[in-house]
Undergrad: 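The structure that follows is given in the form of structure tokens.
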Amino acid sequence: MKWLKVHPDKCVGCGTCMETCSKTWFKENNPALSRIQVTEKGEDNYDLNACNQCGTCIDMCPVGALARDGNGIVRMDEKKCVGCLMCVGFCPTKSFYHAPKRPEPFKCIACGLCAKACPVEALEIVTE
Amino acid sequence: MITVNGEGLDWHEGMTVRDIIVARKFTFPMLAVWIDDSPVPRDAFDETVVPDGATVQVIHMISGG
Amino acid sequence: MTKEMKLIAEWTYEPSDVVKGYTNQTLYVNVGKQEFAAKAVSEEMKLKFTGGRGFDLKLLWDAVNEKTKWNDPENEIVISGGPLCGITQYPGAGKFYAAFISPLTEQTYDSNAGGHFGPLLKVAGFDAIELQGKAEKDVVVVIDGDACKVQIFESIFDDVNAYTITEELHELFSDGSNDDKRYVSVLSAGKAAEFSYWGCINSSFWDIRRKVARLKQAGRGGGGTILRDKKIAAVVVKSHKLSGDMNKAVDIKVLQDRGNKLHREIHDLDAQQCRMRTVGTPHLNEIMNEYHLLPTHNYKFGAHKDIDKIHSNVYEKLFTQGIPDGCWYGCSLACAKAVDNFTIQTGPCKGKVVTVDGPEYETAVALGSNVGVFDPYWTLEGNFYADHYGLDTISLGTGLAFVCECYERGYITKEHTAGLDLNFGQAANLMELIHRMALGKDEFALAVGKGVRQMKKIFSERYGAPYEEMEKFGMEGQGIEVSEYVPKESIAQWGGFFLTLKGPQHDEAWLIFMDRVNKQLPTFEDKAEALHYFPNFRTWFSLVGLCKLPWNDIEPADNATKYRPQDAAKVPEHVQNYVDIFNAVTGRNIDKEELILMAERVYNFQRVFNLRMGKGTRKDHNIPLRALGPVYADEWEARPEYYDNELKSTGVDPAGLSVEEKIAKLQEARLAQWDKLVDAVYKRRGWDRNGIPTVKKLKELGMDLPEVVAVVEKHARPEDQWED
């Protein structure tokens with residue numbers, strides 16, 4: 001299974017990952033639209049939150065819009081999604097996000113672009 | 001002696017909110033408990049001790065649709 | 001495959017997109033004359049009637065006259081979801097409300113159901129549908145939201161029973177794939193609805209995981225009976241326009257934020273609160289037993305030694321777990337439980353392996369303790385057949401319980417029942433009676449299906465049963481059977497059941513704990529205030545298309561400590577959510593007071609509507625003695641100490657009195673209390689002594705429409721007005 005592993009101890013809070021993510025998927029530099037969220041917990045202390053592909057959301061979806069792809073990544077069929085956000089509300093790690101920009105929620109699909117952009121190697125794509 | 005929802009109940013030393021709930025067979029899960037003028041959180045029913053002479057309200061939140 | 005059904009009539013309509021929760025048009029279909037029309041929804045109609053049940057009643061008012069009977073062609077089934085119906089972000093937003101002149105109560109009735117019909121009707125382009133007229137042969141009405149066509153087909157189905165016809169129609173009106181079937185919803189009744197007044201309207205949704213049609217019911221009041229009287233075998237709606245933004249809300253952010261917060265609450269707290277996600281409403285079974293509120297043997301008793309056999313833990317094991325069991329998208333409360341791989345033991349489906357939808361609490365008790373059967377498998381079979389045959393499980397259970405008591409008392413015998421011993425607990429014979437109700441041949445089964453009010457007359461006329469005795473324990477009000485809570489010990493709940501618009505359902509108020517256990521309503525004025533607020537608050541859900549369960553079957557973690565008990569009972573944070581999501585969809589700016597006002601407008605309109613139909617006065621608010629207290633010695637003797645104390649509290653010393661004397665004294669005291677309650681409630685609601693809304697009240701509400709005022713003025717008498 002492929003997923004985005006986070007190393008909060010290395011994070012410097014520069015926000016490059018969020019910029020890369022939101023620009024890639026929403027064509028807009030807006031941290032609220034990023035599928036990885038960086039939160040400051042204290043001085044030089046950051047929390048990184050992105051989907052770990054656990055799959056709890058798959059069983060919550062009433063329309064079957066969530067499924068694993070060949071790499072084990074949980075992907076959403078946006079055409080099927082009805083925007084109910086049960087996947088968001090029941091995510092054990094609160095890594096499924098939503099924004100008023102569109103009805104459908106969004107989450108990390110381990111594309112790896114943020115990991116490549118991260119200047120301090122706080123993010124890595126792993127296969128386990 | 002304490003008052004529970006307007007009715008008397010014998011008091012004993014160390015009596016907890018949980019003891020009242022068991023004594024009165026209040027098996028409904030959605031309870032709001034007030035001792036005199038203070039609310040008691042649900043997760044504190046077991047350890048909250050009720051003083052003698054207290055006025056206790058054990059409110060069953062309405063349910064059913 | 002539609003080619004196989006003969007098209008009788010077809011009408012093409014202009015699509016009307018949903019804006020701020022409304023399509024702003026309603027659909028009229030006359031299955032007799034084969035006429036169709038789209039009617040515009042005015043701004044005034046939205047302001048006065050809001051939607052849902054409000055629209056239903058407004059359209060029904062215009063369709064009928066004061067002489068209309070349930071089976072006259074002008075009677076309608078009107079169905080509407082309301083402006084919030086179809087939002088996916090907030091749990092419980094897929095309900096539709098159906099209104100009609102009821103065969104049981106001979107006045108307006110409204111009944112609601114989940115399933116996908118309400119949301120699909122809206123995206124197909126209509127805020128409501130009126131079904132009028134009577135077809136000559138069985139028809140299927142189709143609203144095709146993709147092609148913008150309404151069609152009437154001659155039915156090709158020999159078997160109109162709900163599961164059969166529903167599955168066939170999901171197949172017929174989709175491309176046949178599992179995913180495509182979810183864009184279709186079917187309304188149906190069933191064979192027994194042709195003979196019984198207890199006919200329910202089944203509303204389907206396609207369960208993509210189980211790959212079966214699930215059936216939710218607008219069960220009460222006999223809507224299914226009317227559907228079949230109109231020779232409508234089914235109504236199909238289809239549309240592929242479903243989306244997370246189908247209501248074109250003004251502010252989707254509010255919907256997302258409030259909805260997601262509630263999902264989180266349910267995620268964090270449901271397991272400790274009501275366990276709706278795992279057991280649904282049967283979580284109440286053992287709780288009701290513990291508080292002596294579980295209807296047992298026709299409401300004689302409130303508890304039974306065999307409760308463990310129908311405990312929620314038993315049902316938890318029967319229900320398939322881990323499936324998102326919402327009857328509409330986004331309902332994470334997920335109480336629409338189902339039992340899979342159930343093998344039917346009797347009747348026409350014997351040997352078939354099926355999914356049983358339910359049982360909910362009401363069904364588990366109606367077809368359980370109330371008829372003295374403590375066998376969940378029997379209950380499941382009864383639940384399946386009631387849905388399949390198109391019977392309301394609640395009226396069926398309460399009606400059968402009445403039959404059992406008549407049998408127990410010797411008023412009816414095997415001679416009358418065509419050989420069936422129908423004592424309490426006679427599971428096999430009771431199931432056989434249900435099958436006979438769907439065959440429509442047996443005289444006794446036909447009589448039973450007419451409901452408790454008619455049974456009292458028929459049993460007395462035909463079998464010589466004593467009418468006055470049956471009046472005491474026949475559990476009906478306004479002609480409809482009582483739902484499944486023992487109301488005896490709560491004065492406020494006498495009102496919650498019997499001072500209602502449409503009879504003793506559990507749609508208006510459930511005050512037993514507030515009144516009897518919490519002692520929060522000590523005076524008649526307190527009870528009257530609760531019987532003003534809660535029925536109106538609950539009515540609001542019916543105007544906008546919401547389910548009530550996510551209101552108070554889950555509550556925020558701090559609800560019980562943040563608010564004083566009186567306020568906490570209203571779940572203030574959730575009330576605010578409703579205000580917020582209504583404004584976010586419609587762009588209006590209501591507050592929690594306006595919410596009650598919106599409901600009061602329709603509540604009072606419906607009361608006047610019933611007056612117009614020759615009901616709706618004080619004498620129509622009947623209550624059986626069994627609802628007020630013990631009627632026979634065995635009831636008293638089940639709780640002798642408790643009832644002796646009850647008698648003492650009325651100022652009567654029970655010492656030296658026989659049980660019969662005690663019962664008579666308690667009845668006398670409670671009937672006096674009932675009168676006081678009626679006065680207090682009418683006064684609080686702005687009604688006169690005879691239960692008629694005053695013109696002053698209608699003016700305050702902005703409901704002094706000329707045709708409404710005319711009805712009041714025709715019936716109101718000077719001597720019934722309050723002095724002040």
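Order of the sequence lines sets the chain letters (A, B, ...), proteins ahead of strands, with each chain counted from 1. Values below: all heavy atoms of this structure, side chains included; hydrogens, waters and symmetry mates excluded.
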Undergrad: By a 4.5 Å heavy-atom criterion (distance strictly below it), what part of A/K94 contacts chain C: side chain, backbone, both, or neither?
TA: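 Answer is both: backbone and side chain atoms of A/K94 are under 4.5 Å from chain C.
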Undergrad: Is any side-chain heavy atom of C/H263 less than 4.5 Å from a side-chain heavy atom of A/L85?
TA: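 They are in side-chain contact.
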Undergrad: At what distance, to the nearest 0.5 angstrom, does SG of A/C61 lie from OH of C/Y329?
TA: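 Those atoms lie 9.0 Å apart.
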Undergrad: I'd like to know if the side chain of C/S243 and the backbone of A/V82 have a donor-acceptor N/O pair within less than 3.5 Å.
TA: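 The answer is no, because no donor-acceptor pair under 3.5 Å joins these two groups.
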Undergrad: For A/E121, I'd like to know if atom CD has over 12 heavy atoms of other residues, nucleotides or ligands within 6.0 Å.
TA: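 Check fails, neighbour count at 12 or below.
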Undergrad: Testing the basics here: between C/I208 and A/V63, what is the closest heavy-atom pair and its distance to 0.1 Å?
TA: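 For C/I208 and A/V63, the tightest heavy-atom pair comes out as CD1-C, 3.3 Å.
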Undergrad: Side chain, backbone, both or neither: which part of C/R264 has a non-hydrogen atom closer than 4.5 Å to chain A?
TA: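 Answer is both: backbone and side chain atoms of C/R264 are under 4.5 Å from chain A.
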Undergrad: Which region of C/S332, side chain (C-beta onward) or backbone (N, CA, C, O), has a non-hydrogen atom less than 4.5 Å from a non-hydrogen atom of chain A, or is it both or neither?
TA: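 Both backbone and side chain.
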Undergrad: I'd like to know whether NZ of A/K10 has more than 12 heavy-atom contacts from other residues, nucleotides or ligands below 6.0 angstrom.
TA: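 Counting neighbours around NZ of A/K10, more than 12 heavy atoms of other residues, nucleotides or ligands fall under 6.0 Å, so yes.
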Undergrad: State whether the side chain of A/H98 and the backbone N or O of C/N260 hold a donor-acceptor pair below 3.5 Å, judged by distance alone.
TA: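 Pair absent, no side-chain N/O of A/H98 close to backbone of C/N260.
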Undergrad: What closest approach, in Å, do A/K80 and C/R182 show between heavy atoms, and which atom pair accounts for it?
TA: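 The pair with the smallest heavy-atom distance is O-NH2, 3.8 Å.
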Undergrad: Any idea which heavy atoms bring A/R102 and C/Q256 closest together, and the distance?
TA: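 That would be O-NE2, 3.2 Å.
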Undergrad: Under a 4.5 Å cutoff for heavy-atom pairs, which residue among C/P324, C/G326, C/A334 has the most contacts with chain A?
TA: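 Top count of heavy-atom pairs under 4.5 Å with chain A: C/P324.
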Undergrad: Give, as side chain, backbone, both or neither, the part of C/D179 having an atom under 4.5 angstrom from any heavy atom of chain A.
TA: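 Interface part for C/D179: side chain.
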Undergrad: Counting heavy-atom pairs under 4.5 Å with chain C, which one of A/C84, A/G83, A/P62 comes out on top?
TA: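 Result: the option with the highest number of such pairs is A/C84.
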Undergrad: Got more than 12 heavy atoms from elsewhere within 6.0 Å of NZ, C/K241?
TA: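 Yes, NZ of C/K241 has more than 12 neighbouring heavy atoms, counting only those of other groups under 6.0 Å.
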Undergrad: Within this structure, what is the CG-CE distance for the pair C/L333 and A/M86, rounded to the nearest 0.5 Å?
TA: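 Separation between the atoms: 10.5 Å.
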Undergrad: Say whether, by atom type as modelled, one donor and one acceptor occur between the side chain of C/D245 and the main chain of A/P103 under 3.5 angstrom.
TA: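 A pair under 3.5 Å: no.
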Undergrad: Heavy-atom cut-off 4.5 Å, strictly under: side chain, backbone, both or neither for C/I266 against chain A?
TA: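 Answer is both: backbone and side chain atoms of C/I266 are under 4.5 Å from chain A.
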Undergrad: Look up atom OG1 in A/T56 and atom NE2 in C/H267, then write down how far apart they are to the nearest 0.5 Å.
TA: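 Rounded to the nearest 0.5 Å, the OG1-NE2 separation comes to 8.0 Å.
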